[in-house]
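Chain letters run A, B, ... following the sequence lines, proteins first, then strands; residues in each count from 1.
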Amino acid sequence: MTKIKFIEADGKEHEVEAQEGQSVMQAALNNLVPGIVAECGGFASCATCHGYVDEAWRTKIPPPDAAEEAMIECAFHVQPNSRLTCQIKVTPALDGMVVRLPVSQTNE
Amino acid sequence: MAERIVIVGAGQAGGELAAGLRKQGYKGHILLLGDEAHPPYQRPPLSKGFLLGKVALSDLYLKPLETYARFDIEFKPGTRVEAIDRSSREVSPRDGSRLAYDKLVLATGGRARPLSLPGLEGTRLENLFSIRSLSDVEAMRGGFIPGNHLVIIGGGYVGLEVAAVAVQSGLRVTLLEAAPRLLSRVTGPEVSSFIERIHRERGVEFRLSCEVRGLELDEARRQVRGVSLACHGVPERLEADLVLVGIGLIPNTELASAAGLAVQNGIVVDEYACTADPDILAIGDCANQPSAYTGGRIRLESVPNAIEHARVAAATLMGKREPSAAIPWFWSDQYGLKLQMVGLSTGYEQCVTRGSVEHKEFSAFYLKDRRVIAADVIGRPAEFMAAKRLVSSRAEVDATRLGDVAVPLNSIAA
């Protein structure tokens with residue numbers, strides 16, 4: 001089990017246990033983490049599972065592909081560490097990862 | 001606050017509402033009733049990745065079964081509600097039991113519109129399919145054998161997505177459409193002809209302006225052998241190994257109307273998802289709701305609408321009032337090409353394309369009164385979010401600049 005901590009825009013923290021192979025988005029959905037909307041269901045089509053990956057883990061995940069980059073380019077509140085969490089696969093190397101969630105997805 | 005919320009329908013809207021209530025801290029009892037065997041799952045991949053075999057069954061589930069139990073959401077599969085007793089505030093499933101509610105949410109979705117042909121009423125045909133549920137796809141899969149001829153009735157998104165999967169699986173495909181062009185209800189002629197082209201390139205055959213006159217059955221009347229049609233008045237007969245009917249959705253409103261609730265192209269609700277009965281709400285595909293975007297009433301069949309409507313209903317049930325300002329959006333996927341649509345183009349005056357139709361990377365913007373009311377974005381995902389903003393801002397735009405790829409889309413809103 002890999003632990004991932006999601007931090008909502010208002011600071012509320014949610015530590016969840018993620019399973020290897022699933023997406024970081026799915027780990028959030030399975031644990032009812034507010035702030036991951038995931039309208040398109042994980043196909044990099046909507047940018048509503050946008051999160052900021054903390055520096056220490058950015059290098060531990062493969063960089064975004066063209067489709068993800070295109071969606072992020074036009075998402076709301078983009079930062080250099082913006083990712084679509086549906087495109088990040090959970091691996092043991094991600095244990096302890098912190099993902100902050102943008103204010104645009106908190107209005108659930 | 002309600003102590004016991006019963007949700008009828010465990011599709012995207014129902015599942016989202018159950019989860020949303022817990023996310024918002026609802027402490028009462030949540031009972032989620034579904035008539036299928038599965039927990040809430042994603043329907044869009046049914047006609048795309050799941051049919052193609054690229055998305056596994058477990059990946060369709062929005063959340064694993066275990067999540068519902070862990071968050072104290074009582075989920076009952078295989079439970080079809082037959083009646084609502086508004087005076088005693090109870091619903092009765094088929095098994096004869098009665099389930100009490102303080103608040104009831106109807107998330108009953110819809111069913112595939114059946115083909116209406118004389119002589120076919122009540123006939124169950126083994127190789128005639130529609131796609132709405134997982135079991136529909138599982139039933140159809142047996143016929144997905146290379147070389148088989150699939151006749152698709154209906155040139156909407158479901159028909160086109162299945163056509164794409166079928167030719168990629170080695171089937172021969174002929175698609176019949178009553179209108180003179182594909183997707184005629186939802187898009188402009190530019191996009192229709194583009195879609196037709198990408199399918200023709202892959203070998204899909206079309207019969208447009210086509211009237212289906214009848215199905216030819218085998219002697220036992222169990223299987224379709226052929227489809228007779230008339231295209232521009234010219235009769236034709238097509239042999240068929242299997243037939244898919246994709247001619248729209250009928251909202252499941254019978255439960256509501258039998259209970260005396262208003263139904264008009266969906267269960268009539270206000271901007272807070274409430275029916276005229278203060279204890280009954282309706283959400284998702286089955287609900288007809290006021291839309292801030294159109295200024296009128298609307299019934300949408302889409303995942304984003306189901307999610308948004310569930311959010312509105314969760315707020316209402318938590319004693320808040322949060323009407324939606326969301327803009328409708330939709331997506332499709334054919335041959336790996338991403339199509340993203342935002343807004344509703346009905347009533348547009350001008351279509352401006354941007355990008356290269358030839359290279360399968362373009363956007364079509366639909367303008368009315370110099371404002372973008374809708375857009376179809378094809379193979380240009382980076383433009384989709386900007387297109388969404390253009391539609392929601394209702395800003396006046398310069399059509400020439402909009403069509404010029406050298407002008408960044410983000411700078412277009414005046």
Side-chain angles (χ1 to χ4, degrees), chain A residues 1 6 8-10 12-14 16-23 25-50 64-78 82 84 86-87 89-90 101-102 104-108, chain B residues 12 15-16 18-25 41-45 48-49 55 58-64 66-68 70-71 73 302-308 310-311 314-315 322 325-326 329-333 336 338-340 377 379-389 408-410:
Chain A
M1 282 291 190
F6 295 92
E8 289 184 70
D10 65 5
K12 212 177 292 162
E13 299 188 357
H14 304 263
V16 310
E17 293 201 341
Q19 281 159 25
E20 224 175 290
Q22 72 180 178
S23 70
M25 172 202 83
Q26 194 63 50
L29 292 182
N30 290 3
N31 292 282
L32 271 51
V33 174
I36 294 281
V37 188
E39 285 186 338
C40 82
F43 297 93
S45 286
C46 69
T48 60
C49 67
H50 176 193
D65 65 11
E68 184 186 344
E69 268 195 336
M71 287 308 291
I72 285 174
E73 209 176 295
C74 280
F76 293 96
H77 311 292
V78 177
S82 285
L84 297 187
C86 70
Q87 300 299 302
K89 267 219 156 72
V90 174
L101 302 174
S104 53
Q105 282 158 204
T106 54
N107 213 354
E108 282 199 71
Chain B
Q12 184 105 34
E16 196 69 27
L21 284 166
R22 285 289 181 250
K23 284 187 199 176
Q24 295 213 11
Y41 60 86
Q42 307 185 59
R43 291 188 202 276
K48 308 181 186 81
V55 174
S58 57
D59 292 336
L60 285 187
Y61 289 179
L62 286 160
K63 295 166 177 62
E66 166 276 323
T67 291
Y68 298 92
R70 190 151 49 90
F71 288 91
I73 295 165
S302 78
V303 167
N305 175 63
I307 292 177
E308 178 66 7
R311 186 191 66 76
E322 292 177 5
W329 80 275
F330 315 85
W331 78 91
S332 181
D333 188 314
K338 215 172 244 194
L339 295 93
Q340 294 154 297
V377 179
R380 289 170 81 81
E383 288 201 346
F384 176 64
M385 300 299 277
K388 227 175 171 177
R389 263 173 254 183
L409 207 47
N410 280 330

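Listed options A:Gly42, A:Ala66, A:Cys46 were ranked by heavy-atom pairs under 4.5 angstrom with chain B; first place goes to A:Cys46. Of the listed residues A:Ala47, A:Ala75, A:Ala67, the one with more heavy-atom pairs under 4.5 angstrom with chain B than any other is A:Ala75.
With values rounded to the nearest 0.5 angstrom, B:Glu308 atom CD is found 9.5 Å from B:Glu322 atom CD. Rounded to the nearest 0.5 Å, atoms CE (B:Met385) and CZ (A:Phe76) are 5.5 Å apart.
In this structure, the portion of B:Tyr61 lying under 4.5 Å from any heavy atom of chain A is its backbone and not its side chain. With a threshold of 4.5 angstrom between heavy atoms, B:Arg70 approaches chain A through side-chain atoms but not through N, CA, C or O. Looking at B:Leu409, neither its backbone nor its side chain comes within 4.5 Å of chain A, counting heavy atoms on both sides. Contacts of B:Pro304 with chain A are made by both backbone and side-chain atoms, with heavy-atom separations under 4.5 Å. Looking at A:Gln22, neither its backbone nor its side chain comes within 4.5 Å of chain B, counting heavy atoms on both sides.
In this structure, the side chain of B:Lys338 engages the main chain of A:Ala44 through a donor-acceptor pair within 3.5 Å.
At a threshold of 4.5 Å between non-hydrogen side-chain atoms, the residues A:Glu39 and B:Trp329 count as touching.
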Q: May I have the step-by-step check of side-chain contact (heavy atoms from CB on, under 4.5 Å) for A:Leu32 and B:Thr67, ending in yes or no?
A: CA-CA 8 Å; A:Leu32 271 51; B:Thr67 291; 3.7 Å; yes
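In this model, a donor atom of one side chain and an acceptor atom of the other lie less than 3.5 Å apart for B:Tyr41 and B:Arg43.
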